[in-house]
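Quantities reported herein were computed from a predicted structural model and do not represent experimental measurements.
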2 protein chains.
Amino acid sequence: MTVTNDDSAQYLIRTVSKRSGVKSDLVRAWERRYQAVTPTRTSGGHRVYTDQDIARLKLLNQATSNGHSIGQIAQLSLDDLKHLLKDETSSTNQSLSSSPISLTSGDKRHLAEDYSDKCYAAVLAFDAQLLESHFENAIVELGSEAFIEHLLSPLLTKIGERWKTGELRPVHEHMTSSVIRSLTYILRNNNPCPENAPRMIVSTPIGQLHELGALLAAIMAELCGWQVTYLGANLAAEEIAAAVKYTNACALTLSISFATDDHVVAKELRRLKKLVGNHVSLIVGGRAAGHFQSVLNEVGVMNIQSYTHFKQLLNQLATDYKATENKQLQ
Amino acid sequence: MTVTNDDSAQYLIRTVSKRSGVKSDLVRAWERRYQAVTPTRTSGGHRVYTDQDIARLKLLNQATSNGHSIGQIAQLSLDDLKHLLKDETSSTNQSLSSSPISLTSGDKRHLAEDYSDKCYAAVLAFDAQLLESHFENAIVELGSEAFIEHLLSPLLTKIGERWKTGELRPVHEHMTSSVIRSLTYILRNNNPCPENAPRMIVSTPIGQLHELGALLAAIMAELCGWQVTYLGANLAAEEIAAAVKYTNACALTLSISFATDDHVVAKELRRLKKLVGNHVSLIVGGRAAGHFQSVLNEVGVMNIQSYTHFKQLLNQLATDYKATENKQLQ
DNA sequence: CAAACCTTTACAAAACATAGACAAAAATTA
DNA sequence: TAATTTTTGTCTATGTTTTGTAAAGGTTTG
C-alpha cells in the first residue's frame, strides 16, 4: 500500500467533490478564500487534486459540521485536523486536567485493565454514578478507541460471564446498559459523521432482551465512521426492516446473547432477510450467536467472531459501499 | 497541570453556546462585564473560542445554577471552579421549585411548540440525527426545565397518541427513546446532584416495553435533585426490588403505558410492594396507569396525574426524606 | 460540439458585533 | 419593613462578517 503524495493520483474537481462530500463550487470557494487546498493545474488551467487533498477536504467537512468555522481551520495541517477531530472527545468532557501525552499501547492496556477492574467493582456494587465517573475518566485517558477495545469490550464479556454464573443479576446488566447509553453522547462527538457515510441499523431481535452487545456494536460502528441508528432491544422483524427502509441503511447488525430453544430467533432472522432483501448486509454477533449457526448460514449473515473481526468487517463494508456508490454516480 | 495544546480547536460563539449550555448573548455579557472568557477575534471581529473556554463556561454555568453569583466567580481559574463544584455537595434542589418563570413563559411556550413540531417531524421522518440536533438546540434555548415541561413532555404524549392511531410504528418510539437517552448526559450535566440526595429507581414492569414515560420520569426526577438510577424497560419485580435494595432508594417510579388484560402488571405490582416494603414510596404513572386503578389503590401507590403533580410529588417526597434523615441524625 | 471547468461578480441567509435599554432578583440602606 | 441600588439575564435595533450558492461569460477537454 503506497501513500501517494506524488503525481500518480490525480483527480478533477468533480471526483474530488463526490469523494469528499464537498460541492465543487464550495471547494473552489474554500480555495479562493482560505487556501484550504492548493491543487496544481493542467496546462489548460483545470484544477488537479491529490488523494491528500481529498482527505483534507473530507476532514474539513467533518470539522465544520462539528461546529468549527471553516475560516478558522482551513489552513491547518492534515495532522492538526485529524488531531482536532480525534480530541473532540476529551475536550467535551470536563476533566481537562489529564495530560494529553500519548501513551504507548502497552501502558494503555495496563491502564485499561485497571479501569476495567474499577468499573466491574462499580457494577457489582450497583453504583451507577461511580460507574459513569470511571467511564468518563477512562474515555479521557484512553481515548475512545482504546476505551472501546481494551475496556468496554472485555468488560461486557466479563459481565456476560458473571451473569451466567449468577454473580450478577439481570438488573446489573440493565443498569450498565443505561450508563453506557448515556455515554454514547460523548463518544459520538468524537466522530461527526459526514453526510455520505454508510448507514447502519443496530438492534436485537424479539426475545433478545440484552442490549449490551448491541450497544457495543453501535458504538464501534460509529467510531468506524458509520452513521448508526440504534434502536434498543427486542424488536420485531417488520420494525427493524422498516427502520432499514426509512434510513436507507446498507447494513444491519443484530446482537444475540441469549440462547433460546424456541424458534423465535430463527424465524425472525428468516423474516428479516426476506424483508430487507439482498442489498443490505446482515451482521450478527453476540455470545449466543453460535447457537443459531445453522440459521445464520442458511440466511447468509456475517457472523462476528471477535472485536477485530467486526472492525475489519465494518471497514470492508464501508469501502465496498463507497465503491458501489461512486459507480452509481458516474 | 495546565493543558495548553489545541490552539487548533477554534469555535465560533454558536458552537460554544451549544456545548456549554450558555446562551450566546449571555456569553458576550459575561465577557463584557466580567471578562469571564477572553476569546481571540477573527480579522472581521468574530469571537473565536478554545475548548478550554467551553469547559470554563460549562463550569460557570453549573456554578451559577448552584447559587453562586457570576460576578464573584467569573474570574476564578479552571481549577478553582472545579474545586468549587466538587465541594458543592450540599446544593439545595432549587432547580425546579424556585423558578416559576412567569415573565417569558408565554414566549417559551411558543418557542417550545415550534420545536415540538420540528421534533415530531424528525421522528416521523425517522431522522435520528436531526431529532438530536433539534433537541440540543432546544435545551440551550429553553433551559432544561422548560425543555422538559413544554417540549419533551407534550412531545411524548403526542408520540403515544400517534402510535395508537397507527401513524407511528413501534420502531419510531424505539428510535426516539434512544436519542433521548443519549441526551440525558447533557441534561444531567447542568444539574450536578449532591451526595445526600434522595435516591430513586425508575423502570417499567414486565410486559411494559415502552420506556419513553419512564425516561421522562427519570429526567424530571434528576432535575428535581434526585439521584436517579434508570433501569430501562421490562424488568421483573425481583430485579427492581434488588435495585432498590442495592441503592437504598427511598422511592420507586414505574411507568405503565400499555393497557393489558392479563394480570401480569397487577401481579408484579403486588409482588413489588411485598418485596420493597412500606418505607419505599411507590409511584406509578403513564398513559395506561388508570387501567389498573384498583390494583394501584390496593397496593397503595401514588398515581401520577400530570406533569405538575409529579413535580409536586417529587418535591414533597424529597423534603419528607430530608426531614426523616435529619431526625435520624440527631 | 457538448460537457465540464474556469474566473469574476453578486447575492442572500445565517450568524456575529456593538450599544443601549429594561425588568426581575438580590443586596443594601434607610 | 420599605425604599434604594446593584446585579444579572434578556431583548431590541442596527450594521457587519461569514459562507454557501448561483449567474454570466469565456476556455478546455474529449
Output all residues satisfying ring pair (Phe, Tyr, Trp, His ring centres under 6.0 Å) with B:Tyr115, sequence neighbours left out; order by chain, then residue number.
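For B:Tyr115, no residue satisfies ring pair (Phe, Tyr, Trp, His ring centres under 6.0 Å) once neighbours in sequence are set aside.
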Mind checking ring pair (Phe, Tyr, Trp, His ring centres under 6.0 Å) for B:Tyr120 and listing every partner two or more places apart, or none if nothing turns up?
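Scan of B:Tyr120 (ring pair (Phe, Tyr, Trp, His ring centres under 6.0 Å), adjacent residues dropped) gives none.
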Between [N] atom [atom2] and [X] atom [atom1], what is the distance in whole Å?
X       : N      : atom1 : atom2 : result
A:Lys18 : C:dA4  : NZ    : P     : 9 Å
B:Glu31 : C:dC16 : CD    : C1'   : 12 Å
A:His68 : D:dT18 : NE2   : C1'   : 17 Å
B:Leu60 : D:dT8  : CG    : C1'   : 14 Å
B:Ile70 : C:dA27 : CD1   : P     : 14 Å
A:Asn61 : D:dT19 : CG    : C1'   : 14 Å

Partners meeting side-chain hydrogen bond (donor to acceptor under 3.5 Å, both in side chains) with A:Asp25 (sequence neighbours left out)
A:Arg28
Take a 6.0 Å sphere around CD of B:Glu167 and say whether it holds more than 12 heavy atoms from other residues, nucleotides or ligands.
yes
Rounded to the nearest 0.5 Å, what's the gap from [atom1] on [X] to [atom2] on [Y]? Could you check?
X        : Y        : atom1 : atom2 : value
A:Ile13  : A:Asp53  : CD1   : CG    : 10.5 Å
B:Leu152 : B:Tyr307 : CG    : OH    : 9.5 Å
A:Ile54  : A:Tyr49  : CD1   : OH    : 10.0 Å

When you check every protein heavy atom under 4.0 Å of nucleotides 7-15 of chain C, what one-letter string (B, S, -) results, 5' to 3'?
BB-B----S
Determine whether A:Thr247 and A:Gln227 satisfy the following criterion, side chain to side chain contact (heavy atoms under 4.5 Å, CB included), listing intermediate values before the conclusion.
CA-CA 10 Å; A:Thr247 59; A:Gln227 187 174 322; over 6 Å; no
Whether [X] contacts [N] is assessed here as follows: a side-chain N or O lying under 4.0 Å from the phosphate OP1 or OP2. Is that the case?
X       : N      : answer
B:Tyr34 : D:dT8  : yes
A:Thr42 : D:dT28 : no
B:Ser69 : C:dA26 : no
A:Lys23 : D:dG20 : no

Can you give the donor-acceptor pairs under 3.5 Å from side chains of residues 33-42 of chain B to other protein atoms, not counting sequence neighbours?
| residue | atom | partner | partner atom | Å |
| --- | --- | --- | --- | --- |
| B:Gln35 | NE2 | B:Arg32 | O | 3.4 |
| B:Thr40 | OG1 | B:Val48 | O | 3.4 |
| B:Arg41 | NH1 | B:Gly45 | O | 2.8 |
| B:Thr42 | OG1 | B:Gly44 | N | 3.2 |
| B:Thr42 | OG1 | B:Gly45 | N | 3.2 |
| B:Thr42 | OG1 | B:His46 | N | 3.0 |

At how many degrees, to 10°, do the end axes of the helix from C:dC1-D:dG30 to C:dA30-D:dT1 meet when each uses five pairs?
30°
If each of B:Leu26 and A:Asp25 is mapped to the nucleotide of DNA chain D with the nearest heavy atom, which maps nearer the 5' terminus, i.e. the 5' end?
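Its nearest nucleotide lies further toward 5', so the answer is B:Leu26.
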